[in-house]
2 protein chains.
Amino acid sequence: MENIKIQKYEDLLLKNGLKRTGARLQVLDVLSNRNSATSQPYLENIIGKAIDRVTLYRILKTFEEKGIIHRILDNQGTANYAICSNSCTAHNHHDEHVHFNCNNCLKVYCLAETKIPPLKMPAGFEVYSMNLIVSGICKDCKQHTN
Amino acid sequence: MENIKIQKYEDLLLKNGLKRTGARLQVLDVLSNRNSATSQPYLENIIGKAIDRVTLYRILKTFEEKGIIHRILDNQGTANYAICSNSCTAHNHHDEHVHFNCNNCLKVYCLAETKIPPLKMPAGFEVYSMNLIVSGICKDCKQHTN
DNA sequence: TTCGTAACACAACATTGTTGCAATTAATAA
DNA sequence: TTATTAATTGCAACAATGTTGTGTTACGAA
């Protein structure tokens, strides 16, 4: 891990009142260096040898509560995690962008620029948040299968 | 179960090349008589005494593959099942309506009339299907808490 | 009635989530 | 720097759900 990155992670932890620990830095580093959301199995596979499974579970839970990351359930119900944009806070997640779940590689992409269009709901339902997952074939897989 | 309903269920099974069995009729009956999608735990709780858990699992799996029901994962990742509209078939699910997950009673509603609005996707992503889950407070819960 | 296949029950195991508790570690005050 | 305290971690244990294999049962066709 480069020092400049570590500094960034430390700031993030500090800002949220969390102690700087090796485990947390590792998780942040893995999540930061990927171009798609990271699945729980993948995380456990990579980090699980160094960090206990329960610790990983609690780190992810804490991060999500603090608004550091957000969780996306893919079409199989597998948890995927991605770093939140800067504007996210514990009480005001700005993660209502669209997610894309590739049927081939199973990756989950955050389409940060693609917002969920406004929706006309039936009367009586009070909307708090929305969660749109688009399924199909991602950029990478389309190219590789051509 | 009323005879007229049983007849309907039998037709549905027959149409999909499935044998008429007590277990399947029971599942169809439970799913048909509810105004929201039915969660796996609920199903298991109600039917699980009469039908083995694995049998229930396989029935649901078969039904989903045949397009008789569709599965909705709620915000906790719990599987919920609902009867498909008539226009569904195994290879052409017409279930791209919106689902509503109540934060209070945790029920999942199929908002059959609320369609997902068209979306502008980034280049390179090929869309097969979309899945929109809206969270909030449902009709019933709003009334009961007032 | 017999035969073949589909459906079922039961056993067993995998994965993920979850809690409690004791041991350890990081932040900070002295 | 050291001591203190609260947060963090590891381990054990368990729950829920998904999943597969296998032997048995039941149903429909010949």
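Within every chain, numbering begins at 1; the chains are lettered A, B, ... in the order of the sequence lines, protein sequences first and strands thereafter.
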* Asked: When you check the phosphate oxygens OP1 and OP2 of dT16(C), does a side-chain N or O of Tyr57(A) lie under 4.0 Å from one of them?
  -> no
* Asked: Linking Ile, Leu, Val, Met, Phe, Trp and Tyr by side-chain heavy atoms under 4.5 Å, what else ends up with Val108(A)?
  -> Ile72(A), Ile133(A)
Using side chain to side chain donor-acceptor pair (under 3.5 Å) as the criterion, list what pairs up with [X], not counting sequence neighbours.
X	result
Asn33(B)	Lys5(B), Asp29(B)
Arg20(A)	Glu10(A)
Asp52(B)	none
Ser39(B)	none

* Expected output: side-chain Asn101(A) to main-chain Leu106(A) donor-acceptor under 3.5 Å -> yes
* Would you kindly compare Thr21(B) and Gly77(B) by the position of their nearest DNA chain D nucleotide and give the one closer to the 5′ end? =>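 That would be Gly77(B).
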* Contact interval (first through last nucleotide) of DNA chain D with protein chain A, 4.0 Å heavy-atom -> dA6(D) to dA13(D)
* Asked: Just how far, in rounded Å, is C1' of dA7(C) from CZ of Arg24(B)?
  -> 6 Å
* For Arg53(B) and dA12(C), what is the distance between atoms CZ and P respectively, to the nearest whole Å? -> 14 Å
All N/O pairs under 3.5 Å across the protein-nucleotides 20-25 of chain C interface:
{"from": "dG20(C)", "atom 1": "O6", "to": "Arg58(A)", "atom 2": "NH2", "distance (Å)": "2.6"}

* Within residues 119-133 of chain A or reaching into it, pairs that qualify as salt bridge (charged side-chain N to carboxylate O under 4.0 Å, His left out) - sequence neighbours excluded ->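 Only Glu126(A)-Lys142(B) qualify under salt bridge (charged side-chain N to carboxylate O under 4.0 Å, His left out).
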* To do: Please collect all salt bridge (charged side-chain N to carboxylate O under 4.0 Å, His left out) contacts where either partner lies in residues 98-114 of chain B, sequence neighbours excluded, each pair once.
  => none
* **Sugar-phosphate, base or nothing in reach of Thr55(A), heavy atoms under 4.0 Å** => base
* To do: Could you tell me whether Arg20(B) contacts a base, only the sugar-phosphate backbone, or nothing, with contacts defined as non-hydrogen atoms closer than 4.0 Å?
  => nothing
* Asked: With sequence neighbours excluded, what pairs up with Glu44(B) under the salt bridge (charged side-chain N to carboxylate O under 4.0 Å, His left out) test?
  -> none
* Stretch residues 40-49 of chain A: residues that reach within less than 4.0 Å of DNA chain C through a heavy atom -> Gln40(A), Pro41(A)
* Quick one: which residue pairs count as a ring pair (Phe, Tyr, Trp, His ring centres under 6.0 Å) with a foot in residues 114-133 of chain A, not counting sequence neighbours? => Phe125(A)-Phe100(B), Phe125(A)-Tyr109(B)
